Engineer: 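Just passing along the structure, written as structure tokens.
When a residue number appears, it is its place in the shown sequence, counting from 1. Values in this document were obtained by computation on a predicted structure and should not be read as measured data.
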Amino acid sequence: MDRNATAYGVQLYIYDLSRGMARSLSPIMLGKQLDGIWHTAIVVYGDEFYFGGVGISSCSPGGTMLGSPDTVVELGHTEVSEEIFLDYLSSLGESTYRGDRYRLFEHNCNTFTNEVAQFLTGRKIPSYITDLPSEVLSTPFGQIIRPILDSIHIAPPGGKVIKGRHS
């Protein structure tokens, strides 16, 4: 890092949307153990950023209805300024991460946090999170329920949607 640059801490907030039920029910329903149904967000510059069915949103850390995260992972530091980051998010929000592009299995909150983590720190989020959709879909039950799950758009209430340049 440049000695004169300011470094900002970057965290990954991990929430289990099943509140522990996946651990209990997945062996019965899927025939394999899943420890959770993961929703993730990036925390940087004092805010939490996430992607859902309404697009990219932000709130104070832990400020959605999900409350406090189940796990916090320190991803490292970034020298990217907040202004550049917000421009980057605005660009993503106008293209790749518009709300209508949300897909539970292919293009979700975890896809977003993985991309943003790499932009800020060069590090990916843990693979047990990004591999979850393929784990579910590799099972017969996962294939059966896919049409139902494809219609679900997760967007935890409590944040403000980031749209356009500097909104």
Engineer: Shortest non-hydrogen contact from Cys59 to Tyr50?
Structural biologist: SG-CE2, 4.0 Å

Engineer: Quick check: do Ile14 and Val73 have side-chain heavy atoms less than 4.5 Å from each other?
Structural biologist: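 Ile14 vs Val73: side chains touch.
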
Engineer: Checking the side chain of Gln11 only, and the main-chain atoms of Val72 only, is there a donor and an acceptor separated by less than 3.5 Å?
Structural biologist: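 The answer is no, because no donor-acceptor pair under 3.5 Å joins these two groups.
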
Engineer: Let me confirm one number: the CD1-CD distance from Ile42 to Glu115, rounded to the nearest 0.5 Å.
Structural biologist: 11.0 Å

Engineer: I need the full list of side chain to side chain donor-acceptor pair (under 3.5 Å) pairs touching residues 16-35, with sequence neighbours left out, sorted by first then second residue.
Structural biologist: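 Matches after skipping sequence neighbours: Asp16-Ser18, Lys32-Glu135, Lys32-Ser138.
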
Engineer: Could you check whether the rings of Tyr97 and Phe51 sit parallel, tilted or perpendicular, using 30° and 60° as the cut-offs?
Structural biologist: perpendicular

Engineer: Which pair of heavy atoms, one from Asn110 and one from Ile125, lies closest together, and at what distance?
Structural biologist: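 So the two residues come closest at O-CD1, 3.6 Å.
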
Engineer: Between Thr96 and His107, is there a side-chain heavy-atom distance shorter than 4.5 Å?
Structural biologist: yes

Engineer: Test side chain to side chain contact (heavy atoms under 4.5 Å, CB included) on Leu66 and Leu17; report intermediate values, then the result.
Structural biologist: CA-CA 8 Å; Leu66 299 174; Leu17 296 177; 3.7 Å; yes

Engineer: State which residues pass ring-ring contact (aromatic ring centres under 6.0 Å, His included) with Tyr45; sequence neighbours excluded, sorted by chain then number.
Structural biologist: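 Result, ring-ring contact (aromatic ring centres under 6.0 Å, His included) vs Tyr45: Tyr8, Phe85.
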
Engineer: Does any part of the side chain of Phe49, heavy atoms only, come nearer than 4.5 Å to the side chain of Ser57, both counted from C-beta?
Structural biologist: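 No, their side chains stay 4.5 Å or more apart.
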
Engineer: What are the two closest non-hydrogen atoms of Leu34 and Leu30, and how far apart are they?
Structural biologist: CD1-CD1, 3.3 Å

Engineer: How many angstroms lie between atom CD of Glu48 and atom OG of Ser60, to the nearest 0.5 angstrom?
Structural biologist: 8.0 Å

Engineer: For the residue pair Asn108 and Pro133, what are the closest heavy atoms and their distance?
Structural biologist: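 Shortest heavy-atom contact: ND2-CG, 4.2 Å.
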
Engineer: Kindly say whether Asn114 contributes a backbone atom to a donor-acceptor pair with the side chain of Gln118 at under 3.5 angstrom?
Structural biologist: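 Indeed, once roles are kept as given, a pair shorter than 3.5 Å links the two residues.
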
Engineer: Using ring-ring contact (aromatic ring centres under 6.0 Å, His included) as the criterion, list what pairs up with Tyr15, not counting sequence neighbours.
Structural biologist: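 Checked Tyr15 against ring-ring contact (aromatic ring centres under 6.0 Å, His included); matches are His39.
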
Engineer: Only counting residues at least two apart or in another chain, list the ones meeting ring-ring contact (aromatic ring centres under 6.0 Å, His included) with Phe141.
Structural biologist: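 For Phe141 there are no ring-ring contact (aromatic ring centres under 6.0 Å, His included) partners, ignoring immediate neighbours.
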
Engineer: When you compare the side chain of Gln143 with that of Leu137, does any pair of heavy atoms fall below 4.5 Å?
Structural biologist: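 Result yes, sub-4.5 Å side-chain heavy-atom pair found.
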
Engineer: I'd like to know if the side chain of Ser91 and the backbone of Asp87 have a donor-acceptor N/O pair within less than 3.5 Å.
Structural biologist: no

Engineer: By salt bridge (charged side-chain N to carboxylate O under 4.0 Å, His left out), which residues pair with Arg98, not counting sequence neighbours?
Structural biologist: Asp100

Engineer: Side-chain contact test, heavy atoms from C-beta onward, threshold under 4.5 Å: evaluate it for Val136 versus Phe105 and give yes or no.
Structural biologist: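 Yes - at least one pair of side-chain heavy atoms lies under 4.5 Å apart.
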
Engineer: What distance separates Leu92 CG from Phe112 CZ, expressed to the nearest 0.5 Å?
Structural biologist: 6.5 Å

Engineer: What's the shortest heavy-atom distance between Ala22 and Pro27, and which atoms?
Structural biologist: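 That closest heavy-atom pairing would be O-CD, 4.2 Å.
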
Engineer: Could you measure the distance from the CH2 atom of Trp38 to the CG atom of Asp70? Nearest 0.5 Å is fine.
Structural biologist: 6.5 Å

Engineer: Taking the side chain as everything from C-beta on, heavy atoms only, tell me whether Asp47 gets closer than 4.5 Å to Val43.
Structural biologist: no

Engineer: Step through it carefully: locate the ring centre of Phe119, locate the ring centre of Tyr88, and say whether they are under 6.0 Å apart.
Structural biologist: yes

Engineer: Output the distance between atom CG (Leu12) and atom CZ (Arg123), rounded to the nearest 0.5 Å.
Structural biologist: 9.5 Å

Engineer: Pro126 versus Ile129: any side-chain heavy-atom pair under 4.5 Å?
Structural biologist: yes

Engineer: If every non-hydrogen atom of Ala117 is compared with every non-hydrogen atom of Leu75, which pair is closest and at what distance?
Structural biologist: CB-CD1, 3.7 Å

Engineer: Between CE of Met21 and CD1 of Ile37, what distance do you get to the nearest 0.5 Å?
Structural biologist: 10.5 Å

Engineer: Taking only residues two or more places apart in sequence, or in another chain, which ones meet Thr130 in a side chain to side chain donor-acceptor pair (under 3.5 Å)?
Structural biologist: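 Thr130: no side chain to side chain donor-acceptor pair (under 3.5 Å) contacts found.
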
